[in-house]
Amino acid sequence: MSGHDFSCAEKRQNKFGALAPEGNLPEAPSQPAPRTVTIIGGGVAGMSAACALAEAGYRVQLVERRGYLGGRASSYLHPGVNEVIDNCQHVLFGCCTNLIGFYKRISVDKKIHWTREMTMIEPGGRRSQLGPSSLPAPIHGLPKLLSAHAFTRADKIALARAFRAMMRPIPADSSESLSDWLRRHKQTPGAIERFWRLVIASALNADLDAISVPYAAKVIRELFMNSAQAGAMGMSSVPLSELYGSAKTFLEEHGSAIHFNTNVESAEFDKQASQWSIHTRTGTLVSEFLVIALPFEAIQKLLPHMPLVPHCEELAHQANSLTHWPICSVHLWFDRKITDLPHAVLLDREIHWMYNKSVLQPWRDTRGSYLELVQSASRAFAARERNEAIQQAIGELAEFFPQVKEAKLEKAALIKEVRATFGVPPGIDGVRPPTAAPWPNCFLAGDWIATGWPSTMESAARSGHQAADALSQNGRRRFLEADLEPQGLMKILTTRP
Ligand SMILES: Cc1cc2nc3c(=O)[nH]c(=O)nc-3n(C[C@H](O)[C@H](O)[C@H](O)COP(=O)(O)OP(=O)(O)OC[C@H]3O[C@@H](n4cnc5c(N)ncnc54)[C@H](O)[C@@H]3O)c2cc1C
């Protein structure tokens with residue numbers, strides 16, 4: 001959709017929501033006209049804010065630079081392999097209550113494949129299984145951890161000691177890095193390499209010395225201690241763009257407009273009319289409210305073209321303080337089945353995670369298999385040239401699954417997302433801005449806003465719900481979903497940080 005007359009404030013609706021011609025207006029409506037809001041950015045943050053506000057009766061206009069929704073969480077037809085692939089596997093967990101709430105709102109929650117098991121594989125193929133037992137939280141994962149071959153006795157004792165320490169309150173402003181904390185808590189090389197570096201550093205997508213302890217503790221508590229439900233892992237059974245395409249349907253059914261291929265270049269606020277004008281290359285949009293749901297690098301570009309008000313500089317400083325970390329994914333199509341496992345953690349090599357898309361997305365052509373290998377926080381891997389990176393990944397994969405040596409590789413793709421996520425180093429919370437923007441009637445969303453969550457779809461959905469609450473309810477909570485309650489002994493052993 002594009003054109004010149006974008007202004008939903010200027011158009012008139014009859015009581016059924018259809019646009020009415022100027023000379024043929026129905027009788028004065030009994031209800032006040034819906035309030036109008038423009039949302040910049042069609043990623044998870046913008047979509048979750050837009051859908052919440054549309055449901056609450058706002059007339060929403062969502063403006064997205066690209067031709068589709070999803071932002072960093074999207075898929076596309078890769079011309080080199082002629083397959084629709086996600087720009088990278090995106091996983092969620094049971095504790096992602098806002099993302100799941102958003103999925104329920106747009107009716108895609110049933111499209112998530114859930115599992116509570118995590119298979120760790122050593123080079124050579126020996127497997128260990130992590131996952132819950134019938135014991136109460138936080139010891140529900142203990143039996144499988146104790147029997148895991150991947151860890152020595154000393155590793156297991158060290159991990160148990162660290163988990164216990166992570167249950168104690170950790171000051172939110174702690175300046176200690178995770179690597180220093182692990183040293184202080186006498187973690188063994190095996191525990192560091194095979195658990196902290198592989199599972200936790202890859203969940204937070206940064207090196208151990210660039211991770212703050214409260215964020216690591218949050219991941220440990222939510223994924224391994226609070227409850228088996230919180231730690232369940234979810235993966236979409238359809239491509240991400242199909243999943244998030246349902247937000248478009250939802251918004252259109254709720255009378256919202258989506259302006260694709262529309263880059264917002266500047267915005268100004270008319271104090272007297274209490275109205276925003278949002279300028280794009282193809283026209284100007286007008287609305288009472290504005291939600292800026294952009295990543296920090298896009299805010300950096302937009303800020304010089306926004307009204308100059310106090311606190312703008314602070315926002316600029318905050319946006320300039322964050323650092324990107326890369327994620328790479330190698331997509332491989334083989335002529336035969338390689339494994340029945342839906343996913344696995346691959347130990348001691350550059351490739352970290354294997355996702356078996358043929359199993360997770362069974363509608364795909366199942367004659368052979370499609371595997372996606374993910375390398376988190378992978379600055380060295382991201383620097384590799386395409387063929388070298390793919391050959392490296394295949395060579396390593398064969399160490400875990402010998403069938404790879406016999407199989408014929410039919411096609412392959414390498415996706416490098418150099419600006420995948422922002423890091424969460426010590427002090428990060430001091431530079432994450434609040435939902436309230438420095439301008440009137442304006443709110444910020446995006447995974448980097450102060451949500452307490454690392455750079456994830458959950459943080460984005462949370463930020464969107466925070467913005468919808470702030471805009472519609474003067475800060476009262478309506479859309480922000482409650483966290484899952486800890487279960488079992490965790491109810492009494494800990495209080496939420
Ligand atoms: C490779 C990779 C792997 C990841 N893996 C996971 C994972 O497993 N689990 C997980 O939870 N998260 C994962 N993430 C992180 C997750 O994708 C992001 O945290 C989340 O999608 C951010 O959403 P957002 O809406 O805040 O920002 P974005 O998705 O960046 O959305 C912002 C939108 O704004 C648009 N835009 C920018 N400038 C303008 C403008 N001037 N005018 C109009 N529109 C504009 C952009 O086109 C974009 O669509 C991963 C990210 C990447 C890249």
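Just follow the structure's listing: the first ligand is 1, and inside any ligand the first atom is 1.
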Identify, by atom number and element, the atoms of ligand 1 in contact range of C88, meaning under 4.0 Å from any of its heavy atoms. 1 (C), 2 (C), 3 (C)
Any idea which protein heavy atom is nearest atom 26 (O) of ligand 1, and the distance to it? D447 N, 2.8 Å
Any atoms of ligand 1 less than 4.0 Å from a non-hydrogen atom of V63? List them with their elements. 43 (C), 44 (N)
Is L92 close enough to touch ligand 1? Criterion: a residue heavy atom under 4.0 Å from a ligand atom. no
Counting from 1 in the order shown, the ligand 1 atoms closer than 4.0 Å to a non-hydrogen atom of L294 are 34 (O), 36 (N), 37 (C), 38 (N), 39 (C), 45 (C)
Part of L302 within contact of ligand 1 (heavy atoms, under 4.0 Å): neither
Sequence neighbours excluded - salt bridge (Lys or Arg N to Asp or Glu O under 4.0 Å) pairs with any residue from residues 87-99: none
Enumerate the residue pairs fulfilling salt bridge (Lys or Arg N to Asp or Glu O under 4.0 Å) with a member in residues 38-57, sequence neighbours excluded, ordered by first and then second residue. E55-R105
Among protein heavy atoms, which lies nearest atom 40 (C) of ligand 1, and at what distance? N263 OD1, 3.4 Å
Which atoms from ligand 1 have a heavy atom of Q89 less than 4.0 Å away? 5 (N), 8 (O)
For atom 27 (O) of ligand 1, what's the nearest protein heavy-atom neighbour? Residue, atom name and distance, please. R72 NH2, 3.1 Å
Starting from atom 23 (O) of ligand 1, what is the nearest protein heavy atom, named by residue and atom, and what distance separates them? A460 CB, 3.5 Å
Does an N or O from E458, backbone or side chain, lie closer than 3.5 Å to an N or O of ligand 1? no
Indicate yes or no: at least one non-hydrogen side-chain atom of Y244 is less than 4.5 angstrom from one of Y103. yes
Would the F269 and W439 ring centres measure less than 6.0 Å apart? no
Is R197 paired with D207 through a side-chain N to carboxylate O contact shorter than 4.0 Å? no
May I ask you to test the W448-I299 pair for a side-chain heavy-atom distance under 4.5 Å? yes
Under 4.0 angstrom from ligand 1, any heavy atom of V374? no
Looking only at the aromatic ring of each residue, does the gap between the centers of F163 and F195 stay below 6.0 angstrom? yes
Please state which part of A298 comes within less than 4.0 Å of ligand 1, counting heavy atoms only: side chain, backbone, both or neither. side chain
Which protein heavy atom lies closest to atom 14 (N) of ligand 1, and at what distance to 0.1 Å? H90 NE2, 3.3 Å
Hey, which atoms in ligand 1 end up nearer than 4.0 Å to a heavy atom of G71? 29 (O), 31 (O), 48 (C), 49 (O)
Do me a favour and list the nearest non-hydrogen protein atom to atom 32 (C) of ligand 1 with residue, atom name and distance? P295 CD, 3.5 Å
Looking at H343, is its backbone amide N or carbonyl O close enough to the side chain of N356 to form a donor-acceptor pair, meaning the two atoms are under 3.5 Å apart? no
Strictly distance-based, threshold 3.5 Å: is any side-chain N or O of S459 a donor or acceptor partner for the main-chain N or O of T456? no
Per-atom contacts of ligand 1 with I40, taking only distances under 4.0 Å to non-hydrogen atoms: 42 (N), 43 (C)
Just go through E417, E64, H324 and tell me whose heavy atom is the nearest to atom 47 (O) of ligand 1. E64
Backbone of S463 reached by a side-chain donor or acceptor of T451 within 3.5 Å: no
For atom 52 (C) of ligand 1, which protein heavy atom lies nearest, and how many Å away is it? A420 CB, 3.7 Å
Taking 4.0 angstrom as the limit and counting only heavy atoms of G43, give me the atoms of ligand 1 inside it, by number and element. 25 (O), 29 (O), 31 (O), 33 (C), 49 (O)
Hey, would you say the H324 and F296 ring centroids sit under 6.0 Å apart? yes
Quick one: does any side-chain atom of Q466 pair with a main-chain N or O of A450 as donor and acceptor, under 3.5 Å? yes
So if I count the atoms of ligand 1 from 1 in the order they appear, which ones are less than 4.0 Å from some heavy atom of S455? 15 (C), 19 (O)
Tell me which protein heavy atom sits closest to atom 7 (C) of ligand 1, plus the residue, atom name and distance to 0.1 Å. V91 N, 3.5 Å
Just checking, is any N or O donor in the side chain of S369 or S358 under 3.5 Å from an acceptor N or O on the other one? no
Do any nitrogen or oxygen atoms of G446 come within less than 3.5 Å of a nitrogen or oxygen of ligand 1? no
Is a donor from one side chain sitting under 3.5 angstrom from an acceptor on the other, for S177 and D209? no
